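None of the values given here were measured: they were computed from a predicted structure.
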Amino acid sequence: TNTTQVLETQRPNILVIFMESFGATMIERLGGEKGVAPNLESLADNGVFFSRIFANSFRTDRGTVCTFSGFPGLPTLSLMKVSNLCQQLPNIANTLGQAGYETDFLYGGDINFTNMQGYLRAGGFQKITSQDDFSLTERNYSKWGVPDGITFNHLYDMLKERENSKKPWFTTFLTLSSHEPFEVPFHKFDDKVKNAFAYTDDCLGKFVDELRELPMGKNTVVLLVPDHQGAYPHHLDDPLARHRIPLVLVGGAVAAPMKIDVPASQIDIAATLLYQLGIDHSEFIFSKNMLNPASPHFGYFTEPSFFGMVTDTNQLVYNLDGEKVMLDEGSEKGRNLLPGKAFLQKLYDDLDKR
C-alpha cells in the first residue's frame, strides 16, 4: 500500500526497448563515456530514472529471461536454451496477454539464435517480427542484422497502425546495432564501438520524438533497459561496473519525473511493472517491487565464475571457482555473503522442482 505510483493509468500501452549491450559504460551520469548517449540522458532527466540497476547476467539469451520471466541468471546455464523450462517459466507477455493486452516482439536479427523464438512463443508473445520480415538489402547491411534506424522506423509504422485499436498492447523491440561488428550508417566518433552506441541513441531520440506526436503517445509508457552490460571497454575488471545498467520509464503515461536510488536488477522489472497495473505478480517469485519501501532491495548478478549481491550497506562479489570473496565493500562488510549463497542455492532448488 506504500508503493509509489509512477503511471497515470493502469492500462497504458507498454513499449519495452531492450537495448543491446547498452550498459553504464556508455552513460555519463553512471560514470561512463561522455556524449555517447545524449538522448538517453535527456530521457532519464524527463522520466523515472532508476539509478542503481544491475544486469543479472552477461548475454542476451540470459538477460532476456531475467527481464521477462523475472528469473535470475545462473552461472553456467542458459535457461532460454532449455525448451521444457521455457514453457514453465512465467513471462510478462503471458501475464499481460491474459489481462487483455496484445503482445508482440520485434528484432532485426536471427530470432532462432539461442532458441529465442521458442522462449518468446512459450512466454506468450503472440506475434514475432524478425530479419526474415525485411528485405535482403536491409538485413545484409551488417552480418548481425537490420540496422536500428530501419527497425525503429518499422516499429513506428507498426505502432501508428494501431491508432484505432481498442486493446492495449505490450511490444518489445530488441535493438542490435550496438553489437559487434559495430557496422552502422552513422558517424559521430572515430571509435567504431562508441559510434555504434551513439547511432542507437540517435535512433532512439528520433523515435521517441515521433512517438510523442501520436495521439497514442499520451497513454504509452516506454521502458528503456539494456539486455546486459556492453562490450566496451573490452576488459572491464570491476564486476560491479561490468553489470551496472540504466533503467528509464518515459512517455505520456508517466506521471512525473523522478529518480529511484534503490539497488535492484532486471528481475525486479516484472513485479514493479505489474504492480503499477494492478495485476497479480505472485508467480514471479524472485521479482521484487522496486517502488515498495517494504521490499528487500538488492541487486544480484552472476557470471560463470562468480555471483554478486549489492545492498545499501554491502557490495559483495564471490568467486565460485576459488570459493573466496573477490570484492567486499560498504559499512557492513561480509553481510551479503550468506544471503548471496542462499539466493543462488534457492534458484537451483526451484529449477529442480520444475
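- Minimum interatomic distance between Pro246 and Ala24 (heavy atoms only, all atoms of both residues): CD-N, 4.4 Å.
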Verify side-chain contact (heavy atoms from CB on, under 4.5 Å) between Asn91 and Phe125, making sure each step is shown before the conclusion. CA-CA 9 Å; Asn91 196 297; Phe125 283 95; 3.8 Å; yes
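- Applying the salt bridge (Lys or Arg N to Asp or Glu O under 4.0 Å) test to residues at least two apart or on different chains, the pairs with a partner in residues 285-312 are Arg52-Asp312, Arg242-Glu303, Asp268-Lys288.
- Not counting sequence neighbours, the partners of Asp328 by the side chain to side chain donor-acceptor pair (under 3.5 Å) test are Asn314.
- Heavy atoms only, all atoms of each residue included: Ala44 and Phe49 are closest at O-CB, 3.6 Å.
- For the side chain to side chain contact (heavy atoms under 4.5 Å, CB included) with Pro75, the lone residue among Leu347, Asp321, Thr302 that qualifies is Thr302.
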Pair Asp209, Arg212 - check salt bridge (Lys or Arg N to Asp or Glu O under 4.0 Å), show working. CA-CA 5 Å; Asp209 285 344; Arg212 284 176 175 147; 3.4 Å; yes
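- If you check the side chains of Ser265 and Asn56, you find a donor sitting under 3.5 Å from an acceptor.
- Using a 4.5 Å heavy-atom threshold, the side chains of Thr95 and Ile279 count as touching.
- For the pair Tyr119 and Thr114, the minimum side-chain heavy-atom distance is 4.5 Å or more.
- For the pair His297 (side chain) and Asn292 (backbone), a donor-acceptor distance under 3.5 Å is present.
- Annotation: side chain of Thr25 is in contact with side chain of Gln229 (closest heavy-atom distance under 4.5 Å).
- Taking the side chain as every heavy atom from C-beta outward, Thr151 and Phe134 approach each other to under 4.5 Å.
- Just one of Phe58, Phe301, Phe307 meets the ring-ring contact (aromatic ring centres under 6.0 Å, His included) condition when paired with His243; it is Phe301.
- Although no hydrogens or angles enter the test, the distance criterion places no donor-acceptor pair under 3.5 Å between the side chain of Asn94 and the main chain of Gly123.
- More than 12 heavy atoms of other residues, nucleotides or ligands shown are found within 6.0 angstrom of CD on Gln5.
- Between atom CZ of residue Arg139 and atom CG of residue Asp110 there is a gap of 8.5 Å, rounded to the nearest 0.5 Å.
- No donor-acceptor contact under 3.5 angstrom links the side chains of Thr129 and Asp104, judged on distance only.
- Looking at Met26 and Leu40, their side chains never come closer than 4.5 Å, going by heavy atoms from C-beta outward.
- If you look at Phe298 and Phe343, their ring centroids are closer than 6.0 Å.
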Decide yes or no on side-chain contact (heavy atoms from CB on, under 4.5 Å) for Ile260 and Val48, but give the supporting numbers first. CA-CA 7 Å; Ile260 310 295; Val48 180; 4.0 Å; yes
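- A donor-acceptor pair under 3.5 Å is absent between the side-chain atoms of Tyr107 and the main chain of Ile128, judged by distance alone.
- Although no hydrogens or angles enter the test, the distance criterion places a donor-acceptor pair under 3.5 Å between the side chain of Gln276 and the main chain of Thr4.
- Across Val262 and Met290, no two heavy atoms sit closer than the pair CG2-O, 3.7 Å.
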Verdict with reasoning, Arg354 to Asp350, per salt bridge (Lys or Arg N to Asp or Glu O under 4.0 Å): CA-CA 7 Å; Arg354 292 180 185 268; Asp350 180 84; 2.7 Å; yes
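- For the side chain to side chain contact (heavy atoms under 4.5 Å, CB included) with Ile269, the lone residue among Thr67, Val16, Leu274, Ile53 that qualifies is Thr67.
- With 3.5 Å as the limit, one finds no donor-acceptor pair spanning the side chains of Glu20 and Ser177.
- For the side chain to side chain donor-acceptor pair (under 3.5 Å) with Ser78, the qualifying choice from Thr64, Asp61, Asn115 is Asp61, the only one to do so.
- Two residues are said to be in side-chain contact when any heavy atoms from C-beta on lie closer than 4.5 Å; Phe182 and Val184 fail this criterion.
- Although no hydrogens or angles enter the test, the distance criterion places no donor-acceptor pair under 3.5 Å between the side chain of Glu138 and the main chain of Ile150.
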Go through Arg29 and Asp45 one step at a time and tell me if the side-chain contact (heavy atoms from CB on, under 4.5 Å) criterion holds. CA-CA 10 Å; Arg29 70 182 57 214; Asp45 285 334; 2.8 Å; yes
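- Side-chain contact check for Glu102 versus Ser165: some heavy-atom pair is nearer than 4.5 Å.
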Show the numbers, then the answer: is there a side-chain contact (heavy atoms from CB on, under 4.5 Å) between Trp169 and Leu159? CA-CA 9 Å; Trp169 45 262; Leu159 298 184; 3.8 Å; yes
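- Pairs of residues two or more places apart, or lying in two chains, that qualify as ring-ring contact (aromatic ring centres under 6.0 Å, His included) and include a residue from residues 18-38 are Phe18-Phe68, Phe22-Phe197.
- Leu15 and Leu223 are assigned to two separate hydrophobic clusters, defined by single-linkage of ILVMFWY side chains at heavy-atom distances under 4.5 Å.
- Taking all atoms of both residues into account, the shortest heavy-atom contact from Val146 to Leu176 is O-CD1, 3.2 Å.
- Counting heavy atoms from C-beta outward, Pro215 and Glu163 have side chains that approach closer than 4.5 Å.
- The backbone N or O of Leu277 lies less than 3.5 Å from a partner atom in the side chain of Arg11, making a donor-acceptor pair.
- Taking all atoms of both residues into account, the shortest heavy-atom contact from Phe286 to Lys346 is CE2-CG, 3.8 Å.
- At least one donor-acceptor pair under 3.5 Å links the side chain of Ser69 to the backbone N or O of Pro90.
- Geometrically, Lys206 does not engage Phe152 in a cation-pi contact, judged by NZ or CZ lying under 6.0 Å from the ring centre and within 45° of the ring axis.
- Considering every non-hydrogen atom in both Ser178 and Ala196, the closest pair reads CA-CB, 4.3 Å.
- With Gln126 contributing its side chain and Thr103 its backbone, the two residues share a donor-acceptor pair below 3.5 Å.
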